[in-house]
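In listed order, ligands and their atoms are each counted from 1. Along the sequence shown, residues are numbered consecutively beginning with 1.
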Amino acid sequence: QLSTSYYSSSCPDLFSTVSGVVQSAISKEKRMGASLLRLFFHDCFVNGCDGSILLDDTSGFTGEKTANPNQNSVRGFDVVDDIKTAVEKVCPGVVSCADILAIAARDSVATLGGRSWNVKLGRRDSTTASLSAANNNIPPPSSSLSNLISKFSDQGLSTKDLVALSGAHTIGQARCISFRAHIYTDTNIDSGFANTRQSNCPSTAGSGDNNLAPLDLQTPTTFDNNYYKNLISTKGLLHSDQELYNGGSTDSQVKAYSNSSGSFYSDFAAAMIKMGDISPLTGSSGEIRKNCRKIN
Ligand code: HEM
Ligand SMILES: [Ca+2]
Ligand SMILES: [Ca+2]
């Protein structure tokens, strides 16, 4: 029921308005493109793409921002606010925050050198959020391949979608706490690479937990297929990344993407559209939030 032309008459300037704000945010800080892409993933995996992740906690309401995968980690909420403000100026009360996340994710990929796609729209915004679903549904970086496959399958996404979508880790940064175990205890990691990462991520828990390293050591601000090349040279930063190329069923797809950015780009776009279709609120369900951080 989502459609690429959903706002064509109600908000004809929507795409140019969103992309203007996204591009200016990325020109200030390239990492922001990665952060916006990740927000869409963390929204869609928790009761569908309904903007639930954007709701702030209040004294009487606990949202998703303090869930384990999100706390001290997800970012970009100020940019979403800037996009919403710009969109409200051109078409007040029309465009959902959930759709803004979908467009911003697409524009981020395109701005950082990836290929664009036609984004489907017409989602409405939730009036609820779920801390427990955020904790349960978003896989942690300690996940095994079978855990990853099952968390994606729970959302209706295939193993092929898992491998394609994981290519998002061609951009952005991770905290030491997310990759410490992989660089100190796993054996399926290039030893020089492990040493390099250890130099800014102390083995002791607590110290340096928030120190950052790029998910893609070579081109962390370019959306390319280098992530898969890293996996083949056992330079995946997260344990979960390297699980995709560790002698299992997904090795062949990793190899294929490492050899063909074209097949990665087209499968990534198809999988993003599929992820964007997870349980949208439509019709009279939900609402169009005026402020993405709170229900009307
Ligand atoms: C396959 C399972 C996945 C796991 C286990 C996972 C895990 C993680 C972790 C642990 C981080 C670093 C967080 C931190 O240390 O603060 C991260 C960052 C990131 N993830 Fe994932 N992720 C997965 C899939 C995805 C998907 C499907 C997307 C988008 C389509 C995505 C996009 C990103 C991006 C862009 C970043 C960097 C964000 C930034 O720099 O602000 N990830 N992910
Ligand atoms: Ca959601
Ligand atoms: Ca890259």
Q. Of all N/O/S atoms in Asp216, which lies nearest to the Ca ion (ligand 3)?
A. OD2
(Q) Tell me which N, O or S atom from Asp224 is the closest to the Ca ion (ligand 3). (A) OD1
Looking only at protein heavy atoms, which one is nearest to [atom], and how far off is it?
atom                    : result
atom 35 (C) of ligand 1 : Ala34 O, 3.1 Å
atom 26 (C) of ligand 1 : Phe41 CD2, 3.5 Å
atom 42 (N) of ligand 1 : His169 NE2, 2.9 Å
atom 12 (C) of ligand 1 : Ala174 CB, 3.5 Å

Validation row: [X], [Y] side chains within 4.5 angstrom (heavy atoms):
X      : Y      : value
Asp277 : Leu2   : yes
Thr17  : Lys89  : no
Ser126 : Arg289 : yes
Lys84  : Cys97  : yes
Ser3   : Leu121 : no

Distance under 4.0 Å to a non-hydrogen atom of [X]: what atoms of ligand 1 satisfy this?
X      : answer
Leu165 : 26 (C), 27 (C), 30 (C)
Leu162 : 1 (C)
Gly172 : 37 (C), 40 (O)
Leu215 : 18 (C), 19 (C), 36 (C), 37 (C)
Ala168 : 28 (C), 29 (C), 30 (C), 31 (C), 32 (C), 35 (C)
Ser166 : 1 (C)

Q) Mind checking whether Tyr245 and Tyr227 have ring centres under 6.0 Å apart? A)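 Ring centroids of Tyr245 and Tyr227 are no less than 6.0 Å from each other.
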Report the part of [X] in contact with ligand 1, treating N, CA, C, O as backbone and CB onward as side chain, heavy atoms under 4.0 Å; options are side chain, backbone, both, neither.
X      : value
Ser240 : side chain
Leu238 : side chain
Ser35  : both
Phe152 : side chain
Pro69  : neither
Ile177 : neither
Leu148 : side chain

Q: Measure the spacing between CZ of Arg180 and CZ of Arg197 and express it to the nearest 0.5 Å.
A: 14.5 Å
Q. If you round to the nearest 0.5 Å, how far is CZ of Phe77 from SG of Cys292?
A.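 Atom-to-atom, Cys292:SG and Phe77:CZ are 10.5 Å apart.
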Is there at least one pair of N or O atoms, one from [X] and one from ligand 1, spaced under 3.5 Å apart?
X     : result
Arg75 : no
Arg31 : yes
Asn72 : no

Q. Regarding Asp216 and Asn230, is there a side-chain donor-to-acceptor distance under 3.5 Å anywhere?
A.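 Yes, side-chain donor-acceptor contact under 3.5 Å.
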Q: Would you please say whether a donor-acceptor pair under 3.5 Å links the side chains of Ser158 and Asp161?
A: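 Yes, side-chain donor-acceptor contact under 3.5 Å.
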Q. How many degrees, to 10°, between Thr222 O and Thr170 O as seen from the Ca ion (ligand 3)?
A. 90°
(Q) Going by the closest heavy atom to atom 38 (C) of ligand 1, which one wins out of Arg38, His42, Met275, Met272? (A) Arg38
Q. Taking the minimum heavy-atom distance to atom 2 (C) of ligand 1, which of Pro140, Ser73, Pro139, Ser143 ranks first?
A.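 Looking at heavy atoms only, the winner is Pro139.
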Q: Check Leu244, Leu148, Leu231 against Ser166 for a side-chain contact (heavy atoms from CB on, under 4.5 Å) and give me the one that passes.
A: Leu244
Using a cut-off of strictly less than 3.0 Å, determine whether [X] has an N/O/S atom near the Ca ion (ligand 3).
X      : answer
Gln218 : no
Thr219 : yes
Thr221 : no

Taking N, O or S atoms only and a limit of 3.0 Å, check whether [X] reaches the Ca ion (ligand 2).
X     : result
Ser52 : yes
Asp43 : yes
Gly48 : yes
Ala98 : no

Q. Closer than 4.0 angstrom: is that true for some heavy atom of Gly167 and an atom of ligand 1?
A. no
Q: Check the pair Ser260 / Ser263 against side chain to side chain donor-acceptor pair (under 3.5 Å), numbers first and verdict last.
A: CA-CA 6 Å; Ser260 166; Ser263 66; 3.1 Å; yes
Q) Can any side-chain N or O of Lys290 pair as donor or acceptor with the backbone N or O of Pro92 at less than 3.5 Å? A)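 No; zero donor-acceptor contacts below 3.5 Å.
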Q: Keeping the roles fixed (side chain from Asn225, backbone from Tyr257), state whether a donor-acceptor pair exists under 3.5 Å.
A: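 A pair under 3.5 Å: yes.
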Q: Output yes when Lys294 and Asp125 qualify as a salt bridge under the 4.0 Å nitrogen-oxygen rule, no when they do not.
A: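 A salt bridge is absent here (no side-chain N lies under 4.0 Å from a carboxylate O).
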Q. Can we say Lys65 and Asp56 salt-bridge, meaning some charged N sits less than 4.0 Å from an Asp/Glu carboxylate O?
A.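 Between Asp56 and Lys65 there is a salt bridge, with a charged N closer than 4.0 Å to a carboxylate O.
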Q: Answer yes or no: does atom NZ of Lys274 have more than 12 heavy-atom neighbours from other residues, nucleotides or ligands under 6.0 Å?
A: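 Yes, NZ of Lys274 has more than 12 neighbouring heavy atoms, counting only those of other groups under 6.0 Å.
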**Q.** Among the N, O or S atoms of Asp50, the one nearest the Ca ion (ligand 2)
**A.**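 Checking each N, O and S atom of Asp50, the shortest distance to the Ca ion (ligand 2) belongs to OD1.
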Q. Is there a side-chain contact (heavy atoms from CB on, under 4.5 Å) between Glu64 and His42 once you walk through the steps?
A. CA-CA 9 Å; Glu64 296 165 12; His42 284 209; over 6 Å; no
Q. Step by step, would you call Ser108 with Ile26 a side-chain contact (heavy atoms from CB on, under 4.5 Å)?
A. CA-CA 8 Å; Ser108 293; Ile26 293 175; 4.1 Å; yes
